[in-house]
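Bear in mind that the values here come from a model prediction, so they are computed numbers and not experimental data.
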Amino acid sequence: MTGMLDTDYEGAIADKQMKAHIHTMYTGVQPDEKTKASMLARLKNITERFTINIALSGWQFGDFTGKNTVPFSIIRDPGVTAFYAGKNDDITGFVLDDGVVSLQLAESLPLKLNLDGTVKKDALNLQVSGIRADVKRIWDITGLDYVLFYGGTLTGDLAISGKPMEPEFNGKLVGQKITVNSPHYAPEVYGPVALDIIADGTGLEVPYTILKGPSTDIWARCTAEFSGWIPNNISVQCGTLGTKMGVLKTDNILFQANGFVSCTAEIKVTPTRVGVYGSATFDSGYFVFKFNDLDKFNAKYSKIANIAFDMKLDLQFGHKAEFRWPTADFPILRTLVPTDSPLSLISDAGIGAFTITGDVQMRGGEVFYIKRSFYIREGSITFADVAKKIEPLVTLRAEIRDRDSSGEPLRLILTTKEQSLFSFNPTLSSDPPRSTNEIMQLLGQVAIGDTGKDNVWQNLLVTSSDILAQVGFLKKTESKVRDFLRLDAFSFRTLLLQNAIFGNLFNMNQNTTLTLSNYLDNTSVYIGKYFGSAIYADALLHLSHYDSKSLKNGGSKRPVYKDLLFQPEIGLEMATPFFLLRWSVAPTKPDTLFVGDAALTFSWKYSY
């Protein structure tokens, strides 16, 4: 008796698409004369003596595609069932009717082992010896990319006892030369490392292990409890060692970050819930909270979803942690945000909500408003939980130097007080005071020389191109210069390129040559440095074109080199147990020993 069946299978396992063409050939054994005489005996012979040959072709599992046909054979004789798989019989084994089993996986496979023992209805007695697993090859088959292994082996022996539905595992696997990373979070490769995996009944443990990396070393331990044949109630404790930080580079549904991080965390995994608990510090890089995508996150990890997500993380920011909003490439707000006390990040699976609470102080940076970049002089961001949604409330004072239509220097000031970042509408003022109309006209242009009608298009083009300072090559080199000078804050804003192009393009008098001051007009440099954890010093230098022929400028006693005007500001900030003290001076009046140029500010905040 023979038969043939061709089928095409499509499905999914562990979120990985599977498909294959399955060709099956059944061949029965010719019964003897005695068996032929009875219909029941002939039917029984069909199930007791046969050969099934199966061929898998065109198979695919996730990103893996099979080019060669995979053969699989089952041979049944009275009392025994044997099976063979692979081109060279890489997998062989048999099962006797009395429960004796044997299985061998060859060296050519990612997993090599010998299994022998018995499987009874109410008892297991299996010995798995000679285990050798190629970690990378096995992990690549899963298609999981939260963690990637780049090398390493597991060797050892296991004994499996208990019941078929309630097995117990005893033994040890030894890992050698394991290298690993998390490509979407920690791109640096850690290892090679040696570790033990110890099975004791229904428990599994990876003892305390240190993984050495390029930037920092990581410690980790893991425990798990088996529920049947599947590890359940997994707990991973991990963290960075010492004061060194590891590289963090991620762009996920919650945030984007590129910098360094240290942490101590515990990750708990059950069939219905994933939890992350602990503390972390981020520094020497930028981060972006994706406030607009919080609804997607809540929907994905709410109670309605297949798996819930819990998190309680205390997050600190170092002196060089930069907050950007709304995006990293085109930020409207960018500022350093060192924290005195940690922010609390909580994801509550019970209500399906993610919240951030706490506040941070601003140190320098820029806010882009009406085509202009304002330097932040002071400010704070308070993350409040309003109607189960994150509401960043901004208080800040930012300013920029400019000149009015008469060529008189003035300071444009932008202020907000506890205003939602999502409805940013600051108040504008100037020093010396100017009307609202005058201020708005100034924000529509950047002066080179005067701001008359003859150069209105020049001013408009230069102003509109100020966004280049936000995303150009200068911003990419600021962190390198800051690290080289061992500063905590460094910002450089210039319109040199725009001044050079548009200054010559719109120069009405061809006999007039642009000087250095014309090119460096509206150039600013900001630096900041922490001394300990309580004292912060900063300085701002603004360069602008100085017209010595102007009557208003002619009588001004200011630091001038040729026609380049220097406008420095110096500040010193000290955190006390009761308030924040800031002293600042913008020296412009040497005849009064700069007394009128100095300011002393006390600020404090109550939390309740």
Between Thr202 and Glu225, a side-chain donor and acceptor under 3.5 Å:
yes

I need the [X] [atom1] to [Y] [atom2] distance, nearest 0.5 Å.
X      : Y      : atom1 : atom2 : answer
Ile390 : Ser420 : CD1   : OG    : 12.0 Å
Glu166 : Leu124 : CD    : CG    : 10.5 Å
Leu56  : His23  : CG    : NE2   : 11.5 Å
Thr357 : Leu343 : OG1   : CG    : 7.5 Å
Thr223 : Ile198 : OG1   : CD1   : 12.0 Å
Ile253 : Asp293 : CD1   : CG    : 6.5 Å

In plain terms, say whether Asp283 and Lys320 are close enough for a salt bridge, that is, a side-chain N and a carboxylate O under 4.0 Å apart.
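No.
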
Side chain to side chain contact (heavy atoms under 4.5 Å, CB included) between Val193 and Ile210, worked out
CA-CA 8 Å; Val193 64; Ile210 296 177; over 6 Å; no

Is any side-chain heavy atom of [X] less than 4.5 Å from a side-chain heavy atom of [Y]?
X      : Y      : result
Tyr530 : Pro338 : yes
Tyr84  : Ile75  : yes
Val101 : Phe94  : no
Val276 : Phe309 : yes
Val288 : Thr327 : no
Ile381 : Phe383 : yes
Thr7   : Tyr9   : no
Lys212 : Leu241 : no

Parallel, tilted or perpendicular: which describes the rings of Phe323 and Phe289, with under 30° parallel and over 60° perpendicular?
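Answer is tilted, since the angle falls between 30° and 60°.
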
Phe282 vs Phe287 aromatic rings, parallel, tilted or perpendicular, using cut-offs 30° and 60°?
perpendicular

Using the rule given for side chain to side chain donor-acceptor pair (under 3.5 Å), can you reason through His184 versus Asp145, listing the C-alpha separation, both sets of side-chain angles and the distance that settles it, and then say yes or no?
CA-CA 8 Å; His184 300 302; Asp145 60 358; 3.2 Å; yes

State which residues pass side chain to side chain contact (heavy atoms under 4.5 Å, CB included) with Ala133; sequence neighbours excluded, sorted by chain then number.
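For Ala133 the side chain to side chain contact (heavy atoms under 4.5 Å, CB included) partners, ignoring immediate neighbours, are Leu111, Ile138, Leu154.
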
Apply side chain to side chain contact (heavy atoms under 4.5 Å, CB included) to Thr216 and list each qualifying residue two or more places apart in sequence or on a separate chain.
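So Thr216 forms a side chain to side chain contact (heavy atoms under 4.5 Å, CB included) with Tyr190, Thr240, Lys244.
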
Heavy atoms only: give me the nearest [X]-[Y] pair and the separation to one decimal.
X      : Y      : answer
Ile197 : Leu204 : CG2-CD1, 3.6 Å
Ala321 : Phe317 : CB-CB, 3.8 Å
Pro167 : Gly228 : CG-O, 3.4 Å
Asp98  : Lys120 : O-NZ, 2.6 Å
Arg324 : Ala328 : NH1-O, 3.0 Å
Ser215 : Phe260 : OG-CE2, 4.0 Å

Output yes when a side-chain donor or acceptor of [X] lies under 3.5 Å from a complementary backbone atom of [Y], and no otherwise.
X      : Y      : value
Thr179 : Gly191 : no
Asp8   : Glu10  : no
Asp217 : Gly213 : yes

Take atom [atom1] of [X] as the centre, draw a 6.0 Å sphere, and report whether it contains more than 12 heavy atoms from other residues, nucleotides or ligands.
X      : atom1 : result
Asp97  : CG    : yes
Lys249 : NZ    : no
Asp6   : CG    : yes
Lys290 : NZ    : yes
Leu5   : CG    : yes

Is there a side chain to side chain contact (heavy atoms under 4.5 Å, CB included) between Thr264 and Trp219? Walk through the geometry before answering.
CA-CA 9 Å; Thr264 299; Trp219 66 269; 4.2 Å; yes

The single option from Val360, Leu315, Asp314, Thr281 that satisfies side-chain contact (heavy atoms from CB on, under 4.5 Å) with Thr339 is Val360

Checking side-chain contact (heavy atoms from CB on, under 4.5 Å) against Thr209, which of Leu195, Asp196, Ile218, Ile178 comes through?
Leu195

Val261 and Met245: side chain to side chain contact (heavy atoms under 4.5 Å, CB included), yes or no, with the steps?
CA-CA 5 Å; Val261 67; Met245 293 182 163; 5.8 Å; no

Determine, step by step, whether Asp310 and Arg273 satisfy the side chain to side chain contact (heavy atoms under 4.5 Å, CB included) criterion, reporting the C-alpha distance in whole Å, the side-chain angles of both residues, the deciding distance to 0.1 Å, and the verdict.
CA-CA 7 Å; Asp310 265 352; Arg273 186 178 301 251; 2.6 Å; yes

Determine all donor-acceptor pairs shorter than 3.5 Å in which one atom belongs to a side chain in residues 102-110; sequence neighbours excluded.
unit_1: Ser102; atom_1: OG; unit_2: Gln104; atom_2: NE2; d: 2.6
unit_1: Ser102; atom_1: OG; unit_2: Asp116; atom_2: OD1; d: 2.9
unit_1: Gln104; atom_1: OE1; unit_2: Thr92; atom_2: OG1; d: 3.3
unit_1: Ser108; atom_1: OG; unit_2: Asp90; atom_2: OD1; d: 3.0

Of all pairs that satisfy side-chain hydrogen bond (donor to acceptor under 3.5 Å, both in side chains), the ones with a partner from residues 150-164, not counting sequence neighbours:
Tyr150-Asn181

Can you pull out every side-chain hydrogen bond (donor to acceptor under 3.5 Å, both in side chains) where at least one residue sits in residues 229-239? Sequence neighbours excluded, please.
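Applying side-chain hydrogen bond (donor to acceptor under 3.5 Å, both in side chains) to every pair that reaches into residues 229-239, excluding sequence neighbours, yields Arg221-Gln237, Ser235-Glu266.
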
For Phe422, what residues pass the ring pair (Phe, Tyr, Trp, His ring centres under 6.0 Å) criterion, not counting sequence neighbours?
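Result, ring pair (Phe, Tyr, Trp, His ring centres under 6.0 Å) vs Phe422: Phe291.
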
